[in-house]
There are 2 protein chains.
Amino acid sequence: MPRPNTRDRIVDAADLLFYQTGFEHTSFAEIAAVVGVSRGNFYHHFKTKDEILTAVIDLRLNKTRAMLRDWQAEGQGPAERIGCFIQILITNQSKIVLHGCPVGTLVSELAKLDHAAHDHANALFTLFRDWLREQFVQLGRKEDADVLAMRLLAQSQGVASLASAFRDAEFIKAEVHQMRAWVQSLTPAA
Amino acid sequence: MPRPNTRDRIVDAADLLFYQTGFEHTSFAEIAAVVGVSRGNFYHHFKTKDEILTAVIDLRLNKTRAMLRDWQAEGQGPAERIGCFIQILITNQSKIVLHGCPVGTLVSELAKLDHAAHDHANALFTLFRDWLREQFVQLGRKEDADVLAMRLLAQSQGVASLASAFRDAEFIKAEVHQMRAWVQSLTPAA
DNA sequence: GCAAAAATAGGTCAAGCGTCCTAAATGAAG
DNA sequence: CTTCATTTAGGACGCTTGACCTATTTTTGC
């Protein structure tokens with residue numbers, strides 16, 4: 001097995017560059033330069049730019065699934081698990097201020113390009129949506145679990161969007177506090 | 001007689017194309033083709049692409065200022081005026097599902113490109129933010145008016161983002177209903 | 001150890017881009 | 001009518017892009 005997995009390094013670099021500067025604005029040459037491989041080597045692993053995009057989305061899907069699985073395995077209640085989701089905004093606040101939400105900005109860009117991979121990328125949103133819905137169900141909100149899941153998802157998107165626009169990390173902290181209080185208000189007293 | 005102003009027609013076309021397909025993805029040739037002018041004529045009015053962007057942002061700023069002024073002049077209370085803002089999501093729902101929020105997606109794209117015009121575009125957000133803050137002040141929430149303004153702005157951004165991602169106009173309607181109820185809950189009984 | 005396969009390097013290509021130029025058509029002013 | 005600035009047309013440039021090809025090196029399987 002090839003120790004220095006060039007393909008993975010390319011996907012990792014593309015993942016980061018797509019996040020930082022956007023899919024369309026990132027060129028083959030830039031990715032290749034970051035990884036330190038020639039364009040020919042690059043082409044050996046990925047015939048088209050769309051193939052790289054597919055690989056990047058798959059990587060993000062796998063990482064997200066693993067993360068959700070970890071949260072599930074920590075032996076806490078649904079409210080605490082929803083708290084893990086909200087916590088992402090804090091953990092990644094500096095990146096979010098600079099480049100927005102990785103999922104939201106990618107899906108938005110692909111929507112504008114009318115790109116075939118839009119649905120594939122949106123599966124990232126669906127992953128969170130379904131997982132959050134399940135948590136709200138376990139919280140005893142079976143009736144409106146999906147509505148609540150979408151609302152929390154929308155809130156986090158809005159917070160990331162404005163935090164980036166105004167380059168304001170404090171805004172994230174304040175809204176996260178409010179989101180936590182909101183979840184608390186939905187949690188039946190134990 | 002005022003001739004059909006070519007410059008204005010160019011800006012109008014660029015405004016629409018930037019919204020529908022993004023700033024970077026829109027080329028000189030596309031705009032020129034839509035307007036029906038030659039690239040030379042185009043260049044006579046705008047030396048660089050950034051000049052067009054500046055003109056488009058200025059156009060949007062003026063349109064937004066006029067809209068806010070109209071809302072102010074309708075002789076209603078602050079709660080009704082905030083309702084006008086929320087109503088945009090309904091009025092433009094089909095466009096939002098297809099292309100997202102015109103302000104949010106532009107600011108987000110310029111942030112990713114690290115474009116100098118980012119702050120200029122973000123003035124659109126500031127316009128709404130300041131106006132909303134004033135409405136909340138008049139609603140008797142002087143202390144947290146800016147927090148509430150940002151929260152409502154973030155909500156509308158999140159709703160637009162997810163509505164576009166899931167291509168779901170019904171989601172907009174549902175969340176608008178919730179947002180109206182929220183404003184109502186902040187309004188002191190008359 | 002050696003042949004097959006995979007990986008890497010670097011050159012090449014057509015297309016599209018923003019930009020720039022010159023020249024012709026138009027229209028207002030004297 | 002003439003003059004001259006404005007507007008329009010369209011060609012040309014230099015550059016970047018994604019895509020593709022061939023040659024060489026490295027790794028793998030038997």
Side-chain angles (χ1 to χ4, degrees), chain A residues 1-57 59 106 109-110 112-118 120-121, chain B residues 1-58 106 109-110 112-118 120-121:
Chain A
M1 284 304 167
R3 283 287 294 280
N5 194 328
T6 303
R7 196 195 134 97
D8 289 350
R9 280 162 55 220
I10 289 175
V11 176
D12 282 341
D15 183 24
L16 188 60
L17 284 171
F18 287 176
Y19 175 42
Q20 290 175 339
T21 67
F23 166 67
E24 196 176 26
H25 190 251
T26 302
S27 68
F28 274 46
E30 276 178 276
I31 304 173
V34 167
V35 181
V37 299
S38 66
R39 286 159 304 144
N41 190 2
F42 200 105
Y43 184 72
H44 175 259
H45 291 283
F46 299 97
K47 301 296 178 203
T48 70
K49 201 174 178 182
D50 288 356
E51 277 187 30
I52 311 174
L53 179 59
T54 300
V56 167
I57 294 173
L59 174 71
L106 179 64
E109 182 180 358
L110 295 181
K112 270 209 200 250
L113 299 180
D114 205 18
H115 197 288
H118 173 270
H120 190 197
Chain B
M1 288 301 291
R3 250 188 347 275
N5 193 326
T6 303
R7 195 195 135 96
D8 289 349
R9 280 163 55 221
I10 291 176
V11 177
D12 281 342
D15 183 24
L16 188 61
L17 283 171
F18 287 175
Y19 175 42
Q20 290 176 339
T21 67
F23 166 67
E24 197 177 26
H25 190 250
T26 302
S27 68
F28 273 47
E30 276 177 277
I31 305 173
V34 167
V35 181
V37 300
S38 65
R39 284 160 298 143
N41 190 2
F42 201 106
Y43 182 72
H44 176 258
H45 291 284
F46 298 97
K47 301 297 177 201
T48 71
K49 200 175 179 182
D50 288 353
E51 276 186 32
I52 311 174
L53 178 59
T54 300
V56 167
I57 295 174
D58 283 335
L106 178 64
E109 182 181 359
L110 295 181
K112 268 203 203 256
L113 299 180
D114 206 17
H115 196 288
H118 174 270
H120 190 198

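Throughout, protein chains are lettered first and strands after them, A, B, ... in sequence-line order, and every chain is numbered starting at 1.
In this structure, Leu106(A) and Leu110(A) have side chains that are in contact, with non-hydrogen atoms separated by less than 4.5 Å. Here the side chains of Arg9(B) and Thr6(B) are in contact, with some heavy-atom distance below 4.5 Å. Side-chain contact between His118(B) and Leu113(B) is absent, with no heavy atoms from C-beta onward closer than 4.5 Å. Between Ile31(A) and Val37(A), the closest side-chain pair of non-hydrogen atoms is not below 4.5 Å. Counting heavy atoms from C-beta on, the side chains of Arg7(B) and Ile10(B) never come closer than 4.5 Å.
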Start with the C-alpha distance between Lys112(B) and His25(A), add both sets of side-chain angles, then the distance that settles side chain to side chain contact (heavy atoms under 4.5 Å, CB included), and finish with yes or no.
CA-CA 9 Å; Lys112(B) 268 203 203 256; His25(A) 190 251; over 6 Å; no
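By the 30° and 60° cut-offs, the orientation of the rings of His115(A) relative to Phe23(A) is perpendicular.
Atom-to-atom, CD1 of Ile31(B) to P of dG16(C) comes out at 17 Å; the value is rounded to the nearest Å.
With pairs defined as Watson-Crick or G-U wobble and both atom distances under 3.5 Å, the stems of at least three pairs that touch DNA chain C come out as C:1-30 with D:1-30.
Between the OG1 atom of Thr26(B) and the CD atom of Gln20(B) there is a distance of 8.5 Å, given to the nearest 0.5 Å. Taken from CG in Asp15(B) to CG in Leu53(B), the straight-line distance is 10.5 Å, to the nearest 0.5 Å.
Looking only at distances, no side-chain donor or acceptor of Glu109(A) sits under 3.5 Å from a matching main-chain atom of Gly22(A).
Looking at residues 35-57 of chain B, you'll see Tyr43(B), Lys47(B), Thr48(B), Lys49(B) sit with a heavy atom under 4.0 Å from some atom of DNA chain C. Non-hydrogen atoms lying under 4.0 Å from DNA chain C are contributed by nothing in residues 17-29 of chain A.
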